[in-house]
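Since we're looking at a predicted model, the values are computed, not measured.
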Protein chains: 2
Amino acid sequence: MPTISDVAKLSGLSKATVSRVINNHSYVSKEKKDLVLKTMKEIGYTPNPSARKLRGQVTTTIGVIVPRIVNPFFAYLVDSIEQAAYSKGYQVLICQSHEDRDKEIAFLNLLKNRQVDGIIMTSIENEWQAIESYIEYGPIVLCNEYIENSKVPMIHLNQYKGAYIGIKHLIEKGHKRIAYCTGGLFAEQGKDKDRNQGFQTALKESGIEVEPELIFVNKHTVEDGKQVMKNILKMDDRPTAVFTGSDEIAGGIMMEAIECGLRIPDDIAVMGFDDQPLAELLNPKLTTIKQPVEQMGKKSIEIIIDLLKNPEFKVQTYELPIQLVVRKST
Amino acid sequence: MPTISDVAKLSGLSKATVSRVINNHSYVSKEKKDLVLKTMKEIGYTPNPSARKLRGQVTTTIGVIVPRIVNPFFAYLVDSIEQAAYSKGYQVLICQSHEDRDKEIAFLNLLKNRQVDGIIMTSIENEWQAIESYIEYGPIVLCNEYIENSKVPMIHLNQYKGAYIGIKHLIEKGHKRIAYCTGGLFAEQGKDKDRNQGFQTALKESGIEVEPELIFVNKHTVEDGKQVMKNILKMDDRPTAVFTGSDEIAGGIMMEAIECGLRIPDDIAVMGFDDQPLAELLNPKLTTIKQPVEQMGKKSIEIIIDLLKNPEFKVQTYELPIQLVVRKST
DNA sequence: TTGTAGGCGTTATCAA
DNA sequence: TTGATAACGCCTACAA
């Protein structure tokens, strides 16, 4: 692999001059600049990123932490982030936390180590305080997460509203007994608390009581959805609709329901969350809450780059629109 | 960020000794070793990867090139590779080529630049010759691709057989007019040529002619599948079955067919490829060809690490089993 | 068993 | 406008 010294030697100039050309610094004569450029091309020179990072330059790399890439929601989010980054000359380092606290910390250390210029977090595993302590090493942007009183920019959706309009839709369709699946624990604090509140408010406004046996917590996967449906089938007094936390859970629920001869939405209505490509592939097509993944990715990159270029950049919160997509499952 | 010098100073030892401890070298007294370990923990020291890479050490990083991460097949493949790598102490750098030749070359340059120790390629965009020239910089392993007479290890599936058993299955079910979707161009060479041959052989064995109007080329997405079905619906003499190159195309075909009132498999049988989670979510559940993604990932990592540890490692080809999964769509 | 010193490739500072 | 040089953090000959 040719180095900057090779380029210097071959063009009869100093490393310093070559470096200036590489980094588009001023005070290089057009003549020498062209010579350097030509030589670089000739021997196929590429700057060594490790050396650059070590020297303490900008890395033009942004880390993106996601729980798992096999979750299509995050795959699309990462993809949109990467494309936005690429168009601005940045690389993206994809980091899967696999919901592991230690891995998350290890990725945050990339900031300390100057492996990345900034980090976009799409999920949070550790205490916020621990995470926030890393902002002294570089910008952190929250994408699709929301933390009260944090000092970092957040690009997020109004999850409260998402659940609210979803449940409202079910109520309008005449449902009164609505099962509810959350990824968290239906607690006041923690994951999905905003959605939980949207759910409760919507019910309350229609004078419907929350029935604890219709709340399913810690559900994430297709398999979870199947289990939920199995439980519902055992009930004497079944709910007439199910609101879920993701299209995948909804898919599992539908699969199991159809397997057992139930008709959707006549026997039971099912509602997803995310609006993944899957939603349109299900039969009947899934009514769901659309999250504007592409916009979130683009905005996150925009913000983090602004922050990089101007550390005084005003930290604020961006809320993107979330909307109901009515299809055939409700 | 603390450096090795900080650890050395604080523990009253030299950088060399600290380095030896970090890298588990011999000839360090237990006493000093413990002292160093303690000091490292105290000040939260982590070695700087850039410095290590620059110094020309192993990076314990393996690059994985995929076309796009939003394709679930590749998402699962990457995930299995990452998990296998992690369990052996390696990191994985996920590289999306987005089917761009230049990006692929840029990623190959990671090898030159010593950013990664080796590269696993799950797709190929450039001429093989150009790619192969990079093996002088480090091992390249092909995963899910096959190149005649290459000098690199390959972990792949018998795609010929995949298509063959799929088509055979349809024929056994009594189908004689079978539409065929490929990601490539139905050429003698190039992408999907093995599948194409399996398709043709299976037909020939049953005395069925290939009907050019039933061949759909360059199909990849759900949207493509919908288009294919639209074309089929316009035909006077419709095929009774469709063999596709991925579960997603199959999903698009089913969606459109159902939309237009066709029953699956009675009016038209549909067959996928991959056995993604989606296959079980479709209604009816999709008959498909299962690709052992997890095994492929694991094997690829195994091979590339063997190669890293022993450059004399004998290069060979590994074929993993591919199998038919019969569900309800055929 | 431990320490010293040099160099990996780059960029910034200073001097010319 | 250009060049020499030091420094980023680490590892490894070589010396002690």
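- With rounding to whole Å, B/H25 atom NE2 is found 9 Å from D/dA13 atom P.
- Salt bridge B/D34/B/K38: absent, no basic N to carboxylate O contact under 4.0 Å.
- Overall, the helix from C/dT1-D/dA16 to C/dA16-D/dT1 carries an axis bend of 40° between its ends, with five pairs at each end and the value rounded to 10°.
- With a 4.5 Å cut-off on side-chain heavy atoms, B/N24 and B/K33 count as touching.
- Of the N and O atoms on the side chains of A/D274 and A/Q276, at least one donor lies less than 3.5 Å from an acceptor on the other residue.
- The distance between atom NZ of B/K9 and atom P of D/dC10, rounded to the nearest whole Å, is 12 Å.
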Tell me which donor-acceptor pairs under 3.5 Å the side chains of residues 69-80 of chain A have, and how far apart each pair is, sequence neighbours excluded?
| unit_1 | atom_1 | unit_2 | atom_2 | d |
| --- | --- | --- | --- | --- |
| A/N71 | OD1 | A/F73 | N | 2.9 |
| A/D79 | OD1 | B/Q96 | NE2 | 3.2 |
| A/D79 | OD1 | B/H98 | NE2 | 3.2 |
| A/D79 | OD2 | A/Q83 | NE2 | 3.1 |
| A/S80 | OG | A/L77 | O | 3.0 |
| A/S80 | OG | A/V293 | O | 3.4 |

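- Chain A approaches DNA chain C over the interval C/dG9 to C/dA12, counting the first and last nucleotide 5' to 3' with an atom under 4.0 Å from its heavy atoms.
- In this structure, A/Y27 places its OH atom 12 Å from P of D/dT2, rounding to the nearest Å.
- B/S29 comes within 4.0 angstrom of the backbone, heavy atoms only, and of no base.
- Each salt bridge (Lys or Arg N to Asp or Glu O under 4.0 Å) pair with one or both residues in residues 4-13 of chain B, not counting sequence neighbours, would appear here, but there are none.
- For A/R20, there are no side chain to side chain donor-acceptor pair (under 3.5 Å) partners at least two apart in sequence or on another chain.
- Checked options A/I105, A/I119, A/V152; the residue passing with A/Y134 is A/I105 (criterion: side chain to side chain contact (heavy atoms under 4.5 Å, CB included)).
- In terms of the ring-ring contact (aromatic ring centres under 6.0 Å, His included) criterion, residue partners of A/Y146 (sequence neighbours excluded) are, by chain and number, A/H156.
- Within residues 35-46 of chain B, no residue places a heavy atom under 4.0 Å from DNA chain C.
- Across the protein-nucleic acid pair, A/K53 atom NZ and D/dC10 atom C1' stand 16 Å apart, rounded to whole Å.
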Residues 304-319 of chain B side chain polar contacts: donor-acceptor under 3.5 Å, at least two apart:
| unit_1 | atom_1 | unit_2 | atom_2 | d |
| --- | --- | --- | --- | --- |
| B/N310 | OD1 | B/E312 | N | 3.0 |
| B/E319 | OE2 | B/N158 | ND2 | 3.3 |

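- In terms of the side-chain contact (heavy atoms from CB on, under 4.5 Å) criterion, residue partners of B/S19 (sequence neighbours excluded) are, by chain and number, B/I4, B/N23.
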Return the polar atom pairs (N/O with N/O) between nucleotides 14-16 of chain D and the protein under 3.5 Å, or none.
none

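- Using a 4.5 Å heavy-atom cutoff, the side chains of A/N48 and B/Q115 are in contact.
- Between A/R55 atom CZ and D/dG9 atom C1' the separation is 12 Å, expressed in whole Å.
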Please tabulate, one pair per line, all N/O donor-acceptor pairs under 3.5 Å involving side-chain atoms of residues 120-133 of chain B, not counting sequence neighbours.
| unit_1 | atom_1 | unit_2 | atom_2 | d |
| --- | --- | --- | --- | --- |
| B/T122 | OG1 | B/I65 | O | 2.7 |
| B/N126 | ND2 | B/R101 | O | 3.0 |
| B/N126 | ND2 | B/E104 | OE1 | 2.7 |
| B/W128 | NE1 | B/E132 | OE1 | 3.4 |
| B/W128 | NE1 | B/E132 | OE2 | 3.2 |
| B/E132 | OE2 | B/K151 | N | 2.7 |
| B/S133 | OG | B/A130 | O | 2.7 |

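- Looking at heavy-atom distances under 4.0 Å, A/K15 makes contact with a base.
- Look at CD1 on A/I4: it is 15 Å from C1' on D/dC8, rounded to the nearest Å.
- Separating the NZ atom of A/K112 from the P atom of D/dC8 is a distance of 18 Å, rounded to the nearest angstrom.
- In the set D/dA4, D/dC11, D/dG9, the nucleotide with an atom closest to the side chain of A/A16 is D/dA4.
- Under 4.0 angstrom from either OP1 or OP2 of D/dC8 there lies no side-chain N or O belonging to B/N48.
- When rounded to the nearest whole Å, the span between CG of A/N113 and P of D/dG9 equals 10 Å.
- Under the side-chain contact (heavy atoms from CB on, under 4.5 Å) criterion, B/T59 pairs with B/K53, B/T61, B/D117, sequence neighbours left out.
- Within the 4.5 Å cutoff, no side-chain heavy atoms of B/K15 are placed close to those of B/T3.
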